[in-house]
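Note: hydrogens, waters and symmetry copies are ignored here, and every other heavy atom, side chains too, is used. The model shown is predicted, which means the values in this text are computed figures rather than measured ones.
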Amino acid sequence: MAIALVVLSAASASAQTSDDDPAEVTPPRVLEAPAPPLPSGHPTDGPPPRVGLLVTVGPDGAVRKARIVDPTGDPLETLALEAIWTWRFEPAHRGQAPVAAEVPVTMTFGPPAAHAAPPPDESADDSVEEGDVDAPQVEDAAEPGPKRDAEETASAPADAPTDEEPLLSFGAAAQVVAPDLRAKGRSASDFTVERDVLTAAPHGEAGDLLRVVPGVFIARNEGDAVAHRIMLRGFDADHGQDMEITVGGLPVNQISHLHGQGYADLGFVIPEVVQRVRVTEGVYDPRQGDFAVAGTVDMQLGVEERGFHFATTYGSFNTLRQVGVWAPEGQGDATFGAFAFRKTDGFGQNRAGRSGSAMAQHEIRAGDWRWRILGSLYGARFQMAGVVRHDDIEAGNVGFYDVYPLPTAQAQNAMATRAQLAVFGTHRGDDGQNSEIGLFLLHNTFRVQQNFTGFLERSRFNPEWVGRGDLIEQTNDGWTLGARARHRSQHYRPTGWADGHVEAGIHTRLDLIDQAQNLIRAPQNETWDRRVDASITAADVGAYVDLDWQLTQYIKLHGGLRADVLFYQVNDRLRNFIPLFRREDHIVGFRRSAMGLATGPRAAVEVDPFPWLTILGAYGEGFRSPQARILDDGETTPFAKVRSGDVGLRFKVGPDERLVVTTSAYMTSLSEDIAFDPTEGRLERIGPTTRKGAVLYAVARPWDWLVGSLSATFVQATLDAPPPPTTADPTPPYEEGERLPYVPPWVVRADVGARHRLGTLGGEPVMGRLGFGYSFLSPRPLPFGGFAAPVSVVDASVSVRWREIELTLDVFNLLDQRWAAGEFSFVSHWEPNEPASRVPARHIAAGPPRTVLFTVGLHL
Amino acid sequence: MRGLRLSALLLALGAFGCGHTGRDYVAFDMFGEGVEDPTFEVDGWQVTLERADVAFGPAYFCATDSTVMDMCATALAELLEPATVDALDPSPQPLGEVQGVTGTVRTGFHDYGVYWLKTQARPTTSPAAPEGHSAVFEGVAVRDDDELRFEARVRLEPRLEGTAAVIGVRTVHELTPATRALTVHLDPVAWWSRLDFDALAEAAPDDGGVLVLEPGSPPYDRLAAAMTVNAVPTFQWSLEDP
């Protein structure tokens, strides 16, 4: 027979809120603590075994969530986890209101006699239920009665040895989990992916983390200095045109970027500081703004493991990565500093490059306000292999991982920089009232030289200048100044069965952009044509109102309206171009301004008939802003309107939601879609489109040391009307139900991660970790017929940690599959001395072959 | 093994989800044919063509209505490798395989075995071109007691890099996978009918030798104009194998 002894030390030197800062907080106290039985045969000599847990106590005093702190795989951990669910607490309080709180608990197993001593101080609450001789004795080190400011609470008597010193040696931090600033989730396709799932499989960079998100596939097909190509739920979002992406609350999408509308480069994000990813697939939340066509991704930043972390990675293709993370002790997860440097020769020809990033975030509490300052600086320059023709690969003219042996191909490269500074402030008032303000400043530069088509272009400036290589140079430099603010009301309770909040907010941003596109002759680096030379001023003022209402305990309604007014001013210095054969009768250039209004309702309903089942439905209308340079003077901005609907079920199985399964069906229609045109290296209009599909997503944590997730997304993406006629093709072919190019009907992702104690060395546990990730894309239809090959890639990771040292072996593309990160169909001419083909042909941009990286990490 | 099964299952699922983008790649054979009767009469001259070897290709068939070849950056069908047609043989002569994608063809652009790439400083002559020329003609014209033997070696170059010698030939066809063949009809009789044989006779050598049409001479230019503008080849699309 065993007894458990518990020390709950909510009095803490570093009590802190996880969300908003409470002014006055009383930590929870244990009321009931039934004992878990020790396994028969478990040795009772020696020091009593202990298990550390982190427990979330709800406002009702019940355990809401519990996890083992630094799990080792010891069977006692399972017993402790089972036992904790039977415990009852007096909840934490902010003022008079009970609030959820997260507290560390040490559950100590041992002979009853060893723990029968009375509490060492007078702070033990009489209300604590003491068991009989076979029951656990509970000590509550929390100070009863007076409320304490969470920031000023005194240290637990961890360093005050007594006869029962082992019982009190747990220096704990009470972390108050404030109620959510607003209800989480707007639809069945609203997912939050926690870090244990994100990091189950290896990820080379932060963008790769998105592969874990249902329906997402992401790859770099234009080198490591150009943004990922992202696919989400039937959208070939290209470089971000259909996905609103934020990192730490900062917008990543760039307005009217020359390389692609909504261009979003995640290269600056250091993956070690991404704590979780929230994805809203569809547009159902009034906070979602421009580019939230397929959905919104928000990477939330934070570092859970405090201290210093340094890691050096070396491996295939002479790849070297150095990362350092500083997460000062005593600060919340949100405070950290990090840097990363990477260099590589690349997995094939012409792919070498370097990148570096530094990020810092600091959280400051001042009264009822929590301020968060985020800054980062990033730069990358990589060579680029571009694309190669599939028929050339098959004929042996060029290798799968090679670049064409021509100066115009070998000169391909890209460089990008990003600097940003932001300040966000959050204020929490009484009864659910809260406010937020934010101000951010971004600067981006981008330059790419790439040749998709070989030798097809002709100079507009001099039509006799031809065949010099279609090396397109694009530059796009921009400043973004933005601000946002919102206020959420306190609870309104007009009736006994309904209550809720009203929120209103504004999002604004001003973008100043300079962009140019030229043709460059390599290796001389001579400009032989100029295609774009423009300056753009773009402003977006968005406002929304949002209702968050609860009707009985079973039904929740969310909904609101969003309106955005967009202004554009364009100075297009090369428009109204005068060809050589025409008489010069005006001065080249075209200046114009335009504005437009986009409005859209958003609504969602959530029904909770049982604790384990949630039924969700949502509808919303959003928009994507146009490329400014396509606008005419005075034109009412032709927004692409998106309408999105979603119904689904969410099942939560087992204690602590060990298994969560979500299934949903959705439909999204877009009034004006755009697709990548390799000829110009940018996006062109293709007409209205519709996506219909379904998602299955399951996350399982059957044991504390194992996590797995599986998602399968099906979509039927179709073109709803013939593409716009052009001089080159007055009647483009169209069939009812015609599939959209590049969209894979199926996207499947599976991740498994296991973390367990392997043994002990020098009295310290040796922890092992194993992880796998599997991505599958079904064949994608290509624009002129045919299909891209399916993608099936497995990544694996294994690591061992002892004390401060961690050794990790990551293998990407474990089975060494030959796969294309991008596959296109268009006209190119890469053989300068042979007749030029004008029929579209398949081209590929190779994905990385098997890549082995070894990492030595130090956690100090 | 289980991984392979999983992949196979997923591939099957992928195949289930496949549709198409409204286009298909197509391929079919192209043929060249000449005239049935090489003899014709013009200005009282009885002209008989004894040789008419004509190089054909590269050829592009486009959706555009425009005669500007830059409007055909993407072709619906093409024959890249030139071949020589015996234009005095009316039977279909295989020229090679046409590759393309489905769509509405409206215009054709082609060369006569001499093409000018954007990457080259001057035009290139295909090895398939007869004697290194676009066309080689030989024949005889007879009127009363006069006999005129003539021959011409014609070289037809595009006017600009990246364009074709013959541009914007109207040929409308809905190109589908059902298309089986394309036949180009070359009519040397129509080309030579446009020449002034009286003038040719005057220019003939005094010794009764063969009259050779020299580049730059009026009859040469007239013949070239006939081949590229005035009597351009015609195309016949077929849904059946020839």
Side-chain angles (χ1 to χ4, degrees), chain A residues 454-458 463-464 466-469 679 712 714-719 726-735 737-741 744-746 748 750 774 776-787 790 792 794 815 825-827 829 831-840, chain B residues 3 6-7 10-26 57-58 60-66 68-82 98-104 106 109 111 115-121 124 126 160-162 174-177:
Chain A
F455 297 93
L456 294 178
E457 293 294 322
R458 182 185 298 279
E464 292 184 356
V466 291
R468 301 182 176 194
T679 308
F714 172 77
V715 65
Q716 182 174 336
T718 55
L719 190 63
T726 61
T727 307
D729 194 349
T731 57
Y734 170 71
E735 291 177 10
E738 180 176 318
R739 289 296 174 97
L740 283 178
W746 283 95
V748 177
Y774 173 71
F776 171 78
L777 262 71
S778 62
R780 292 154 281 168
L782 294 173
F784 293 96
F787 292 89
S792 179
V794 177
L815 304 179
S825 189
F826 58 93
V827 177
H829 179 212
E831 178 46 69
N833 298 312
E834 297 293 332
S837 172
R838 291 176 185 247
V839 169
Chain B
L6 177 62
S7 294
L10 293 174
L11 282 171
L13 291 173
F16 168 72
C18 286
H20 63 89
T21 55
R23 302 246 193 178
D24 286 304
Y25 279 99
V26 295
Y60 304 94
F61 301 93
C62 309
T64 185
D65 280 317
S66 170
V68 177
M69 200 168 178
D70 280 352
M71 290 295 105
C72 184
T74 299
L76 294 178
E78 66 186 13
L79 176 76
L80 282 184
E81 294 298 329
V98 174
Q99 306 281 344
V101 294
T102 54
T104 305
R106 295 182 180 83
F109 300 78
D111 289 306
Y115 50 86
W116 196 355
L117 303 176
K118 289 178 177 175
T119 48
Q120 294 177 331
T124 298
S126 166
L160 202 62
E161 305 98 316
E174 192 63 36
L175 188 56
T176 70

- Shortest non-hydrogen separation from B:Asp65 to A:Pro730 and the atoms involved: OD2-CG, 3.8 Å
- Query: What part of B:Tyr25 gets closer than 4.5 Å to chain A, counting heavy atoms only: side chain, backbone, both or neither?
  - Reply: both
- Message: Could you check whether any side-chain N or O of A:Arg838 sits under 3.5 Å from a backbone N or O of B:Cys72, counting only pairs where one atom can act as donor and the other as acceptor?
- Response: yes
- Item | Best-contacting candidate, A:Gly454, A:Gly469, A:Ser837, A:Pro463, against chain B by heavy atom pairs under 4.5 angstrom | A:Ser837
- Message: Please classify the contact between B:Asp70 and chain A as side chain, backbone, both or neither, with a heavy-atom cut-off of under 4.5 Å.
- Response: side chain
- Query: Non-hydrogen atoms of chain A under 4.5 Å away: do they reach the side chain of B:Leu80, the backbone, both or neither?
  - Reply: both
- Item | B:Gln99 portion near chain A, given a 4.5 angstrom heavy-atom threshold | backbone
- Taking A:Arg458 for its side chain and B:Lys118 for its backbone only, find out whether a donor-acceptor pair lies under 3.5 Å. no
- So which part of B:Thr124 gets closer than 4.5 Å to some heavy atom of chain A, the side chain, the backbone, both or neither? neither
- Query: How close do A:Thr727 and B:Thr64 get, heavy atom to heavy atom, and via which atoms?
  - Reply: O-OG1, 2.9 Å
- Item | Interatomic spacing from CZ in B:Arg23 to CG in A:Leu782 - rounded to 0.5 Å | 13.0 Å
- Task: Apply the test side chain to side chain contact (heavy atoms under 4.5 Å, CB included) to residues A:Phe455 and B:Leu117: give CA-CA distance (whole Å), side-chain angles for both, the deciding distance (0.1 Å), then the verdict.
- Result: CA-CA 9 Å; A:Phe455 297 93; B:Leu117 303 176; over 6 Å; no
- For the pair B:Tyr115 (side chain) and A:Glu834 (backbone), establish whether a donor and an acceptor sit closer than 3.5 Å, ignoring hydrogens and angles. no
- Atom pair OG1/CZ of B:Thr102 and A:Phe784 - distance to nearest 0.5 Å: 10.0 Å
